Number of protein chains: 2
Amino acid sequence: MLKLSRLTDYAAVVMAQIARHPQASHAAADLAETVQLPHPTVSKTLKMLVKAGLLTSQRGAQGGYRLARPASQITAADIISAIEGPVAMTECSQAQGECELAATCGVADNWQRVSLAIRTLLESVTLAHLAASAPIKLPVQLPIQSISLSAVSA
Amino acid sequence: MLKLSRLTDYAAVVMAQIARHPQASHAAADLAETVQLPHPTVSKTLKMLVKAGLLTSQRGAQGGYRLARPASQITAADIISAIEGPVAMTECSQAQGECELAATCGVADNWQRVSLAIRTLLESVTLAHLAASAPIKLPVQLPIQSISLSAVSA
DNA sequence: TAATTGGGTACCATTTTAGTCCTGTATAAA
DNA sequence: TTTATACAGGACTAAAATGGTACCCAATTA
């Protein structure tokens, strides 16, 4: 399935919600309510996002969460790696040269290129895109081109 | 991590191995040996690939597995979905309109576009590419462009 | 100082994944 | 026709990841 974990999904939804009201401080309970998800789980997700530096938090009354930087500067890749760790399709593609099967594998190189292309794609999609209801515009296009270019040998 | 399951990884490696000797019949045991993976597991993977129509099998002595069609007509997306089911980043993106949270989600649309872009990318990478040690050439480029074009609203 | 709100951690239940095994069946060669 | 080979299918188990919960602590503000 090549699927995101459910928590990552939540993270995206919550981030989008915050992005739509950037100047407000969002309490975990409020967000959970708005998004119709269990509070403790949302809370857990928020903590991970803070730790990853995508959100800032403020304790105490009137506290809550805000974006650490503008939505246009937070990417889908950021959100995914905040929850799931680095975006990589295979074990190989995160840590180079640590696969004992590399010798018999014979697929690693191009698989890593594919992985890189996906990562680049995800880096080109911002939270601003996700939060907007309008279709994603051009950014999807450029980075992939540059990848395929750099990957061309001949 | 947005990671492939290990079995999918195996599948790619095994498929590539078969693709490199397309005219031979490959017994599961031989493949397992070549690829340095446990036989029963490789065997299981092969069965899934047959069921998905990517390989054909021949029983009996001198039997084994062959590609069901040329490596250039088998895509990374084929292999992935043979093992993991349809390529989709979220539950949403496989079955439209079955997400009860769609109303409060507000991310579904663009998330699905991203998912589609990834699927298209994976469909543009063939087994022939994976099996070759040479870097992937142009095909990565076109489909993504066409996506971003169709996704452009303005 | 009391109420609010996030921080951290530990824990548990469930599901998924990976791997194994066994029995059956088709095929080819002797 | 027999025998060895090799896939088919399914059941089963062990291990790991995932998702969700609970609890207590720390910071902030009114």
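Sequence lines set the chain letters: A, B, ... in the order given, protein chains first and strands last, and positions in each chain run from 1. Keep in mind that what you see is a predicted model, and the values were worked out from it rather than measured.
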Subject >> Polar contact flag, side-chain donor to acceptor under 3.5 angstrom, A:E84-A:T8 >> reply: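 Indeed, the side chains of A:E84 and A:T8 share at least one donor-acceptor pair under 3.5 Å.
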Original post:
Does any donor atom in the side chain of B:Q17 or B:T34 lie under 3.5 Å from an acceptor atom in the other side chain?
Top reply: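 No.
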Original post:
Near DNA chain C, under 4.0 Å by heavy atom, which residues of residues 27-36 of chain A?
Top reply: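 Heavy-atom contacts with DNA chain C come from A:A27, A:A28.
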Whole-Å gap separating [atom2] ([N]) and [atom1] ([X]):
X: B:L4; N: C:dT16; atom1: CG; atom2: P; result: 18 Å
X: B:L46; N: C:dG19; atom1: CG; atom2: C1'; result: 15 Å
X: A:Y65; N: C:dT4; atom1: OH; atom2: P; result: 17 Å
X: B:L7; N: C:dA18; atom1: CG; atom2: P; result: 4 Å
X: A:R59; N: D:dC25; atom1: CZ; atom2: P; result: 13 Å
X: A:Q62; N: C:dA3; atom1: CD; atom2: C1'; result: 11 Å
X: A:L2; N: C:dT17; atom1: CG; atom2: P; result: 12 Å
X: B:M48; N: D:dC7; atom1: CE; atom2: C1'; result: 15 Å

Do any side-chain nitrogens or oxygens of [X] fall under 4.0 Å of OP1 or OP2 in [N]?
X: B:Y10; N: C:dG19; result: yes
X: A:S43; N: C:dG7; result: no
X: B:T41; N: C:dT20; result: yes
X: B:Q58; N: D:dT5; result: no

Original post:
What does A:H39 touch in the nucleic acid at a heavy-atom separation under 4.0 angstrom: a base, only the sugar-phosphate, or nothing?
Top reply: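 A:H39: no heavy atom of the nucleic acid under 4.0 Å.
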**OP:** Using a heavy-atom cut-off of under 4.0 Å over every strand shown, decide if A:P40 touches base, sugar-phosphate, or nothing.
**Re:**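 Touches a base.
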Subject >> Atom of B:S25, atom of B:R66 and distance for their closest heavy-atom approach >> reply: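 Taking B:S25 first and B:R66 second, the nearest heavy atoms are CB-NH2, 3.5 Å.
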Original post:
Which comes earlier along DNA chain C counting from the 5' end, the contact point of B:E84 or that of B:P38, where each point is its nearest nucleotide?
Top reply: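 Closer to the 5' end of DNA chain C: B:E84.
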**OP:** Return the 5'-most residue of the pair A:K44, A:S57 with respect to DNA chain C, ranking by each residue's nearest nucleotide.
**Re:**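 Mapping each residue to its closest nucleotide by heavy atoms, the 5'-most match is A:S57.
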Original post:
Does B:R6 make a side-chain donor-acceptor contact with the base of C:dA18, cut-off 3.5 Å?
Top reply: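 Flag unset: no donor-acceptor pair detected.
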Original post:
Are side-chain heavy atoms of A:Q112 and A:V107 found at a separation under 4.5 Å?
Top reply: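 The answer is no, as the side chains (C-beta and beyond) never meet within the 4.5 Å cut-off.
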**OP:** Please tell me if the side chains of A:V42 and A:Y10 come closer than 4.5 Å, counting only heavy atoms from C-beta onward.
**Re:**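 No. Closest side-chain heavy atoms not under 4.5 Å.
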Original post:
Is the backbone of A:H39 close enough, under 3.5 Å, to the side chain of A:S43 for a donor and an acceptor to pair up by distance?
Top reply: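 Pair absent, no side-chain N/O of A:S43 close to backbone of A:H39.
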Original post:
Sub-3.5 Å donor-acceptor pair from the side chain of A:D9 to the main-chain atoms of A:R6, do we have one?
Top reply: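 Not at all, since once roles are kept as given, no pair shorter than 3.5 Å links the two residues.
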**OP:** Could you say whether A:A61 or A:K47 is positioned toward the 5' end of DNA chain D, judged by the nucleotide with the nearest heavy atom to each?
**Re:**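 Closer to the 5' end of DNA chain D: A:K47.
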**OP:** Look up atom NZ in B:K3 and atom OG in A:S115, then write down how far apart they are to the nearest 0.5 Å.
**Re:**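 B:K3 NZ to A:S115 OG: 11.5 Å, rounded to 0.5 Å.
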